[in-house]
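For reference, the structure discussed in these notes is given below.
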Amino acid sequence: MENKKTAGEELAEKLLTKRKNGILRADDETIAAADDFNEGYKAFLNTAKTEREAVAETVKQAEAAGFKPYEKGVKYGAGEKLYFVNRGKAVILTVIGKEPVESGIRLAAAHIDSPRLDMKQNPLYEDKEIAYFKTHYYGGIKKYQWPTVPLSLHGVIIKSDGSSVNVRIGEDEGDPVFCISDILPHLADSQYKRPVSQLIKGEELNIIVGSRPFKDDKVSNKVKLNIMAILNEKYGVVEDDFISAELEAVPAFKASDVGFDRSMVGSYGQDDRVCAYTALQAILQCSDPDKTCMTVLTDKEETGSDGNTGLNSSYLPYFINDLAAAYGAEGYSVMSRSECLSADVNAAVDPTFIEPFEVRNCSHLNYGVVATKFTGARGKSGTSDASAEFVGRIRRLFDQNGVIWQTGELGKVDGGGGGTVAQYIANLDFDVIDVGVPVLSMHAPFEITSKLDNFMAYKAFCAFFAD
Ligand code: MN
Ligand code: MN
């Protein structure tokens with residue numbers, strides 16, 4: 001009788017939340033499946049380091065899974081699998097449902113661009129007989145994190161005759177890497193007096209690309225000339241070709257397990273390739289769904305979603321309009337009945353930097369995929385704010401399908417904030433909620449996620465498509 005619960009204990013069990021660490025809730029089989037799933041994820045991170053590489057790898061995996069290029073005007077049958085590439089930087093994958101498209105679609109939307117350093121249009125110069133590339137950073141970075149990190153160079157150069165060359169250097173064994181220097185601590189007195197936000201300034205993010213002069217006393221800028229000679233030999237390019245190039249520097253290191261227990265993944269670019277990979281795998285294994293299912297992997301989220309490869313442009317509604325038109329349906333009425341999981345990362349609580357977090361409402365590593373009702377800053381500005389009804393629907397969906405999940409808000413009220421693509425999709429009249437993975441050190445060269453959370457994101461997208 002002494003084990004009998006008190007009235008208060010019984011009431012607490014019935015009424016109060018029982019949130020706990022996902023590892024304590026998952027069985028061994030699930031944890032093993034999560035570990036296994038993350039092997040494919042790490043390989044994706046190493047292959048798809050830029051938006052263009054992510055599209056190429058997505059198309060490769062989609063074709064292997066039976067997806068065919070979308071053709072406008074074709075009335076596809078239930079179960080058919082399609083992909084549509086937008087300018088090599090964004091991709092839409094679709095599995096046609098058994099129900100008519102007018103009954104609405106299920107969309108998972110993730111982004112495949114990540115913070116990085118873009119080369120300027122006149123990047124190459126020489127100073128004190130060292131050759132450099134000038135950069136303009138892309139997305140929100142803490143600039144001091146990027147010097148003294150080995151960098152690789154990715155992208156495309158369009159030559160004057162219109163032909164293009166792909167660049168990917170610094171990733172393979174034996175490749176050279178590139179690097180930004182920082183001043184030694186012995187001589188950093190004046191640097192230390194700068195405000196922290198200017199510890200490294202934007203115009204100091206200059207990448208070292210060479211140091212040997214071309215042996216000819218008749219020419220100046222001999223190191224620059226020597227680098228240009230190497231690039232001409234390797235790629236057939238001349239200096240003016242940089243004007244029509246997109247070259248991106250990203251950390252050269254590979255994805256790794258983190259921790260003695262190997263419970264985490266550390267890598268560049270997990271915001272938002274963790275959601276891109278999980279939403280991609282969910283659509284690849286989606287077969288014969290009731291509703292038409294779609295994963296869009298978009299570009300330009302990190303700079304505000306503008307531009308014709310970002311989700312503030314019309315490429316997604318145009319695609320849905322075209323798809324609907326083949327069945328005699330109106331795109332807008334399809335979108336009005338559609339649902340979207342806006343798949344983007346959240347900030348996991350960081351015990352070392354606890355101050356910006358409101359611990360009752362922030363997300364935690366290993367507590368599962370995060371459903372975020374609203375984002376935004378300063379009074380929810382810029383949020384789409386999912387309705388209680390739609391949150392309720394997603395909550396039931398996840399609970400019924402064994403998805404370990406949590407809710408989370410990005411930091412304290414008025415402590416900063418951020419947005420996602422949710423608002424742009426909500427503006428098309430979809431029901432939208434943010435669903436993604438908690439990340440430590442978001443936007444740093446090496447970000448950390450939990451293997452269990454990553455797997456739960458995949459399970460969440462699978463449940464959404466299968467429902
Ligand atoms: Mn993101
Ligand atoms: Mn981001």
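Counting convention: from 1, in listed order, for ligands and their atoms alike. Because the structure is predicted, anything quoted here is derived from the model rather than measured.
Each protein N/O/S atom under 2.8 Å from the Mn ion (ligand 2) was counted, for a total of 4.
Checked against the 6.0 Å centroid threshold, Phe84 and Tyr315 do not count as a close aromatic pair. Centroid-to-centroid, the aromatic rings of Phe430 and Phe390 stay 6.0 Å apart or farther. Taking the ring centroids of Phe67 and Tyr83, they lie at or beyond the 6.0 Å cut-off. Aromatic rings from Phe242 and Phe133 are positioned such that their centres are separated by under 6.0 Å.
Other residues, nucleotides and ligands contribute more than 12 heavy atoms inside 6.0 Å of the NZ atom of Lys120.
The side-chain tip of Arg106 does not point at the ring of Phe465 from less than 6.0 angstrom away and within 45° of straight on.
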